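Shown next, in structure tokens, is the structure this report addresses.
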Amino acid sequence: MAKIIDGKAVSAQVKENIAKEVAQLKEKHGISIGLAVVIVGNNPASRIYVNNKKKACEAVGFESFEYALPEETTQDELLALIDKLNADDKVDGILVQLPLPKHLDEKIVIDNISPDKDVDAFHPVNVGKIMIGDYSFLPCTPAGVMELIASTGVEISGKECVVVGRSNIVGKPMSMLLLHKSGTVTICHSRTKDLAAECKRADILVAAVGVPKLIKGDMIKEGAVVIDVGMNRLEDGKLCGDVDFESCEKVASYITPVPGGVGPMTIAMLMKNTLTAAKKKIAL
Ligand code: GUN
């Protein structure tokens with residue numbers, strides 16, 4: 001039976017360390033650190049994520065500035081707000097919650113966030129830096145996954161790592177982080193011919209496709225580390241991941257639950273990036 005990786009506990013530890021550092025920075029340099037969170041429209045899942053991000057700011061000692069804009073906000077209005085936040089010294093990090101309403105162009109919005117305040121690491125400059133292993137900001141979800149793998153004590157170097165999903169937010173940067181740690185990385189996606197065969201080779205499997213319970217116990221290797229980035233809502237309202245937990249926990253050595261696995265880590269890494277942005281500002 002697999003050991004459960006407790007994302008809440010690991011993220012609490014990360015946030016505690018950040019809180020200590022924030023308190024020291026306040027004392028030594030008298031600075032306050034701020035994260036601007038922009039949400040457009042009424043997506044209920046986004047509302048929950050934004051509330052959790054604000055709570056995390058409070059817990060580590062950051063100021064959070066929420067900009068909740070109506071659904072009908074225009075592209076120009078949103079870009080004007082981003083310009084204002086880019087120029088605001090109180091704002092160290094800017095996060096625009098995705099997805100945006102259909103009439104807004106996410107790419108243009110992200111391109112307009114100053115790379116120095118892009119705590120999601122979505123700006124092309126920061127994406128490029130991830131590619132070459134020169135991290136200003138860590139991509140939050142993949143970085144959280146790396147912390148969870150580290151918490152198991154399992155070495156990545158030389159291991160077969162399979163990432164299921166090729167999104168810009170998770171799959172692609174995840175693969176890069178595993179590669180930087182010298183994993184042998186395979187990226188699977190909807191056109192992969194034999195997903196089960198690819199997964200079966202994995203010592204470390206990361207699922208990030210948004211398909212409920214796609215990965216079954218008979219698709220994974222005995223003793224694999226299984227990380228589930230999925231967060232799917234079933235018809236009965238329950239949350240589930242991309243991994244079929246019941247069958248996989250019988251085969252894996254370590255497995256993350258949903259909820260309580262990767263989710264809390266993403267927010268902890270966002271806090272880490274905001275601290276990094278503030279420290280860069282005062283050249284620490
Ligand atoms: N929507 C879902 N995940 C994320 C994330 O990590 N950052 C932002 N900005 N929006 C998201």
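In this chain, residues are counted from 1 in sequence order. What you see is a predicted model; the values in this text were computed from it and never measured. Read the numbers this way: they start at 1 and go in the same order the structure lists the ligands and their atoms.
- An N or O contact shorter than 3.5 Å is missing between I169 and ligand 1 by distance.
- Within the listing of ligand 1, atoms 8 (C), 9 (N) sit less than 4.0 angstrom from a heavy atom of V96.
- For ligand 1, the polar-atom distance check finds no N/O of T141 at less than 3.5 Å from any of the ligand's N/O atoms.
- At a 4.0 Å heavy-atom cut-off, ligand 1 touches D120 through the side chain alone.
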CA sep, side-chain torsions, deciding dist, call: L81, K84, side-chain contact (heavy atoms from CB on, under 4.5 Å): CA-CA 5 Å; L81 171 62; K84 192 180 95 161; 4.3 Å; yes

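- With a 4.5 Å cut-off on side-chain heavy atoms, E106 and L98 count as touching.
- Remark: K53 fails to qualify as a cation-pi partner of F62 under the 6.0 Å distance and 45° angle criteria applied to the six-membered ring.
- Contact annotation: F122 has at least one heavy atom less than 4.0 Å from an atom of ligand 1.
- Within the 4.5 Å cutoff, side-chain heavy atoms of I156 are placed close to those of M146.
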Apply side-chain hydrogen bond (donor to acceptor under 3.5 Å, both in side chains) to D83 and N112, showing your working. CA-CA 8 Å; D83 277 351; N112 276 275; over 6 Å; no

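- In terms of polar-atom proximity, Q97 is counted as a contact of ligand 1, with an N or O under 3.5 Å from an N or O of the ligand.
- Within the 4.0 Å cut-off (strictly below), no protein heavy atom is located near atom 3 (N) of ligand 1.
- Residues forming a side-chain hydrogen bond (donor to acceptor under 3.5 Å, both in side chains) with S175 (at least two apart in sequence, or on another chain): none.
- The nearest protein atom to atom 10 (N) of ligand 1, hydrogens excluded, is given as L98 N, 3.0 Å; this is a heavy-atom distance.
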